[in-house]
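Computed from a predicted structure; not experimentally measured. Hydrogens, waters and symmetry mates are skipped; everything else that's a heavy atom, side chains included, is used.
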Amino acid sequence: MGRLWVAIQAAASIVLLLYLVTRPLFSEWRDGAVERVGQGKVRSWTAPQGAAAHVSRIRINWKASSAGASMYCLQPEEDPRISFLLIHDITEHGGALGDLANRLFDHCGQAGFVCSVFAIDLPGHGHTGMSAESGEFNMTSMVELVWEAADWIRTETKESAVFTIGLGIGGEVAFQASSGSEAITGTISNGLLLSAELKFRDQTELLKGWVGDALELLLHGQRIFLPSLLSFWRMYDRVVCEDHTVVGCEWRHDQISYEEHMGDPLSTWYSSITSLRSLYHYRPLTLAADNTKPILVVTGAKDQAIPLVHVRECFRRLGGKKYLRFDSRAGHQMLRQTLQDETSRVIVGWSLAVLDGSLGDLAVETPSLSVETVAPTRLSAEYQRVEGEGEGAVGPEL
């Protein structure tokens, strides 16, 4: 009887321990975040100011995909020379990228041509995820949806050049999709992981390994509250600089932006461990060194979600025509808020260089948002400063 009682106590202790360990995965009780989820405004697209006469339609709920995907479209009346396909970050949706779409559209006009801008809601996200599968996804289905969208855009726009633009995890999706689609001309990535080739950080390796296996077995596909596991607090940021220069730039959390995203009913805050792990278990069609598509990597030197030191290591592994632009005035939200206008101008200029065959005249890597026409012969003082700064960057913990 005594042994039975000890066994019962041990079993109860294990159950209590598992409860205490897993409870934070389902609710972020520390700051009441759960109560704020979905209580705000849905972010959506609007026509660029002064461009209403030149924009034929803005629409959502494109259903040409077998996954029932939704697409936002910003299209001119005439046939575009370039089409940009925006790919959002994890938990986000295409509707949150309306400002970026307008900036790209405007910079195309300033450069003397018209372009189209599209955005998709990835599987399990936004309108695409408005079902029992909300929050359920895998990296393979994300990549395949980008392929399908790129093919559709080429047909819709009468064979315009398609450039994918990915933010955060979307940057990794954009790069991986580029190698498997003839419809994609080039890629702009605002986030590279290369999880199949590089170690990201210790916590991620645990999630990929036995700890992740144990969580999958324990949770049985139950969806968890992602901010309890990942540091989204670090993903919403802004960088404040002295006199709007690169001097004395400081990283700060952007609580307003974080709350806006938290309150958006179309944001995706719950997902299974299986879905999350798929982002790191994906096996690409080709290695990064075998890349053949032009790629522009843009990143903030102050990014604490995907640090500059990791992005630069990814960049070193890339093959093909590759270009890197980073800036001390930006963090993770480079394409969403900070330096959105300057980054959009660089994206449009670089895309034109791809089509015009003038990529060979561009500097491969610069510590500024510019489309350099002459490669620098030696590192500037600013470059050397950011070089050292990047090597010491520390990313967020899981």
Any donor-acceptor N/O pair, His332 side chain to Tyr236 backbone, under 3.5 Å = no
Mark yes or no for whether Arg277, through its side chain, and Gly209, through its backbone, hold a donor-acceptor pair below 3.5 Å.
-> yes
So, the side chain of Ser116 versus the backbone of Ser83: is there a donor-acceptor pair under 3.5 Å, distance only?
-> no
Indicate yes or no for a side-chain donor-acceptor contact from Asp237 to the backbone of Gln333 under 3.5 Å, with no hydrogens or angles considered.
-> yes
Below 4.5 Å, heavy atoms only, C-beta onward: do Leu97 and Ile87 meet side chain to side chain?
-> no
Expected output: side-chain His125 to main-chain Thr268 donor-acceptor under 3.5 Å = no
Could you go step by step and tell me if Thr299 and Leu308 meet the side chain to side chain contact (heavy atoms under 4.5 Å, CB included) rule?
-> CA-CA 7 Å; Thr299 188; Leu308 176 61; 3.7 Å; yes
Residues two or more places apart in sequence or in another chain: which of them pass salt bridge (charged side-chain N to carboxylate O under 4.0 Å, His left out) with Lys293?
-> none
Should Leu266 and His127 count as side-chain neighbours, where that means a heavy-atom distance under 4.5 Å?
-> yes
Does atom CD1 of Ile256 have more than 12 heavy-atom neighbours, drawn from other residues, nucleotides or ligands, at distances under 6.0 Å?
-> no
Under 3.5 Å: donor-acceptor pair, side chain of Glu172, backbone of Leu194 = yes
Backbone N or O of Leu359 within a donor-acceptor pair of the Tyr323 side chain at under 3.5 Å?
-> yes
Glu259 meets the side-chain hydrogen bond (donor to acceptor under 3.5 Å, both in side chains) criterion, sequence neighbours left out, with Arg36, Gln255
Using the side-chain hydrogen bond (donor to acceptor under 3.5 Å, both in side chains) rule, collect all pairs that involve residues 339-352, keeping only residues at least two apart or in two chains.
-> His107-Asp341, Arg329-Glu342
Exercise: do Ser267 and Arg43 side chains pair donor with acceptor under 3.5 Å = yes
Is the closest side-chain heavy-atom distance between Thr292 and Thr286 below 4.5 Å?
-> no
Can you check whether His88's main-chain N or O pairs, donor with acceptor, with His93's side chain at less than 3.5 Å?
-> no
Look at the side chain of Trp45 and the backbone N and O of Asn102, then say whether any donor-acceptor pair between them is shorter than 3.5 Å.
-> no
What pairs meet the side-chain hydrogen bond (donor to acceptor under 3.5 Å, both in side chains) rule with one or both residues in residues 191-200, with sequence neighbours excluded?
-> Lys199-Asp202
Flag yes if more than 12 heavy atoms outside Lys321 fall under 6.0 Å of its NZ atom; otherwise flag no.
-> no
Could you check Arg316, Arg312, Arg325 and say which one makes a salt bridge (Lys or Arg N to Asp or Glu O under 4.0 Å) with Glu365?
-> Arg312
CA sep, side-chain torsions, deciding dist, call: Met334, Leu369, side chain to side chain contact (heavy atoms under 4.5 Å, CB included) = CA-CA 11 Å; Met334 187 178 198; Leu369 291 175; 3.4 Å; yes
Within the 6.0 Å centroid threshold, strictly below: Trp269 and His261 = yes
Taking only residues two or more places apart in sequence, or in another chain, which ones meet Ser189 in a side-chain hydrogen bond (donor to acceptor under 3.5 Å, both in side chains)?
-> none
What orientation do Trp152 and Phe118 show, parallel under 30°, tilted 30 to 60°, or perpendicular over 60°?
-> perpendicular
Short question: side chain of Ser278, backbone of Met139 - any donor-acceptor pair under 3.5 Å?
-> yes
Hey, mind stepping through Phe315 and Leu192 against side chain to side chain contact (heavy atoms under 4.5 Å, CB included) and telling me if it holds?
-> CA-CA 8 Å; Phe315 183 76; Leu192 281 176; 5.6 Å; no
If we only count heavy atoms from C-beta on, is the Val173 to Tyr282 side-chain gap below 4.5 Å?
-> no
Hey, does Phe163 have a side-chain heavy atom less than 4.5 Å from the side chain of Ser178?
-> no
Sorted by chain and number, sequence neighbours left out, salt bridge (charged side-chain N to carboxylate O under 4.0 Å, His left out) with Asp89 holds for none
Flag if over 12 foreign heavy atoms under 6.0 Å of CD, Gln110 | yes
